[in-house]
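As structure tokens, the structure follows; a few thoughts come after it.
Just the heavy atoms: all of them, side chains too, but no hydrogens, waters or symmetry mates, feed the values below. Sequential numbering from 1 along the given sequence is applied to the chain's residues.
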Amino acid sequence: MHVTSRGFPLFLTFDLDAETMWTGRDPAYASRPILMSQGAYGWKVGTGRVLDLLKRYGVKATFFVPGIIVDQRPQLMERILEEGHEIAHHSYTHRWILGLSPQEEREEMEKGIAAIQRVSGRKPRGWRSPAAEISAVTLPMLVEYGFDYSSNFFDDDSPYLLTVEGKPTRIVELPFRWVLDDAPFFQYSIVLPGRTMQAPSAVLEAWKLEFDVLYAEKRMMMLGMHPELIGQPSRIKVLEGLLEHALKHPDVWIGRCDEVTDDMRPRLEAARP
């Protein structure tokens, strides 16, 4: 049985880190214009190209956006919202969580919530960690601030409900893995880890094979992408190729994380031991 009422869930999510992909590692990078221009591509060109593609195929997505980018680019945020997509929480400055004190992490959480609330009129419902790390206080804060879903862990191919401090919650976890992230394939920078530049055809092959197995097993597929990467000309064709492949299959739901998790939650609660 599928975990949603509308079949196999395929999530297209975009971490619009822009310049914070660099400054979150080292604030001093802000003084290096060429590094910053690589991040600026995300909001100047990449996001628009992604939005155009989503509109052409009539599908909705979730954008995880650091609060500082929300504050700096309100017109782009308005376009994302006007076209029916979701804006979710991705910290405020994209600073590495393991280097923060509990109070600093709380400030990142609160400022990010406030930024999204200013532009959308509502609190964000989902949260994704910057740089795939959490601390001892992160999950309790997700409960405290009333988040409905998380997309952070790498331990499953199916959604599940988080247990926090030994207590069951209603927070739906939407796990993913590095093979479903564009950065390990495409992130190239002289100062960031990775420095890879693979052929788009290889990435498309990997993602189509992932889709085929997950679809056959009636699980889910969570893609995590970055507009500054996937929004480049040759790379947007990877996403388009995957969309074309997925839409040839019956009962595929490509939707926003908030809407799909609302549909999943009753089934997950009913199946909880």
Are the side chains of [Y] and [X] in contact, using a 4.5 Å heavy-atom criterion?
| X | Y | answer |
| --- | --- | --- |
| His90 | Phe63 | no |
| Phe147 | Thr169 | no |
| Ile254 | Tyr57 | no |
| Arg106 | Glu144 | yes |
| Leu54 | Phe14 | yes |
| Met77 | Leu16 | yes |
| His226 | Asp181 | yes |
| Met21 | Leu192 | yes |

* Among Lys123, His89, Glu110, find the residue that satisfies the side-chain hydrogen bond (donor to acceptor under 3.5 Å, both in side chains) test when tested with Tyr145. =>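 It is Glu110; the other options fail the test.
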
Give me the atom names and distance for the closest heavy-atom approach of [X] to [Y].
| X | Y | result |
| --- | --- | --- |
| Gly42 | Pro227 | O-CB, 3.8 Å |
| Arg122 | Ser120 | O-OG, 3.0 Å |
| Tyr41 | Glu228 | CD2-O, 4.0 Å |
| Ser129 | Ile134 | CB-CG2, 4.3 Å |
| Pro184 | Thr196 | O-OG1, 2.8 Å |
| Pro159 | Pro175 | CA-CD, 4.1 Å |

Is it possible for you to say whether [X] and [Y] belong to one hydrophobic cluster, with membership spreading through side-chain heavy-atom contacts below 4.5 Å?
| X | Y | answer |
| --- | --- | --- |
| Val3 | Leu180 | no |
| Trp96 | Tyr92 | no |
| Met220 | Val213 | no |
| Val50 | Val59 | yes |
| Leu239 | Met222 | no |

Donor-acceptor contact present, side-chain [X] to main-chain [Y], <3.5 Å:
| X | Y | answer |
| --- | --- | --- |
| Thr163 | Gly166 | no |
| Thr261 | Tyr149 | no |
| Asp156 | Ser158 | yes |

Is it true that, when you exclude [X] itself, more than 12 heavy atoms of the residues, nucleotides or ligands shown sit nearer than 6.0 Å to its [atom1]?
| X | atom1 | result |
| --- | --- | --- |
| Leu98 | CG | yes |
| Gln103 | CD | yes |
| Lys60 | NZ | yes |

* Let me see the working for Thr23 and Thr20 under side chain to side chain donor-acceptor pair (under 3.5 Å), right down to the final yes or no. => CA-CA 5 Å; Thr23 58; Thr20 68; 5.3 Å; no

* Show your reasoning for whether ring-ring contact (aromatic ring centres under 6.0 Å, His included) applies to Phe211 and His245. => CA-CA 9 Å; Phe211 175 90; His245 180 72; 5.6 Å; yes

* Of Arg32, Gln38, His94, which meets side-chain contact (heavy atoms from CB on, under 4.5 Å) against Trp22? ->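 Between Trp22 and the candidates, side-chain contact (heavy atoms from CB on, under 4.5 Å) is satisfied uniquely by Gln38.
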
* **Member of Ile69, Val70, Asp71 meeting the side-chain contact (heavy atoms from CB on, under 4.5 Å) criterion with Arg73** =>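 Among Ile69, Val70, Asp71, the one that satisfies the side-chain contact (heavy atoms from CB on, under 4.5 Å) with Arg73 is Ile69.
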
* To do: Sequence neighbours left out, what passes salt bridge (charged side-chain N to carboxylate O under 4.0 Å, His left out) with Arg265? Give chain and number order.
  =>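 So Arg265 forms a salt bridge (charged side-chain N to carboxylate O under 4.0 Å, His left out) with Asp262.
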
* Which is it for Arg125 and Glu86 under the salt bridge (Lys or Arg N to Asp or Glu O under 4.0 Å) test, yes or no, and what are the steps along the way? -> CA-CA 9 Å; Arg125 298 184 62 195; Glu86 176 191 14; over 6 Å; no

* Which residues share a side-chain hydrogen bond (donor to acceptor under 3.5 Å, both in side chains) with Glu269, sequence neighbours left out ->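 So Glu269 forms a side-chain hydrogen bond (donor to acceptor under 3.5 Å, both in side chains) with Arg170.
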
* Quick one: do Asp52 and Arg79 satisfy salt bridge (Lys or Arg N to Asp or Glu O under 4.0 Å)? Show the steps, please. => CA-CA 11 Å; Asp52 289 345; Arg79 180 182 172 189; 2.7 Å; yes

Rounded to the nearest 0.5 Å, what separates atom [atom1] in [X] from atom [atom2] in [Y]?
| X | Y | atom1 | atom2 | result |
| --- | --- | --- | --- | --- |
| Met264 | Ser5 | CE | OG | 10.5 Å |
| Glu133 | Thr138 | CD | OG1 | 9.5 Å |
| Leu53 | Leu243 | CG | CG | 5.5 Å |

* With the threshold set at 4.0 Å, does a side-chain nitrogen-carboxylate oxygen contact exist between Asp15 and Arg128? ->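 Here Asp15 pairs with Arg128 in a salt bridge, since their nearest N and O are under 4.0 Å apart.
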
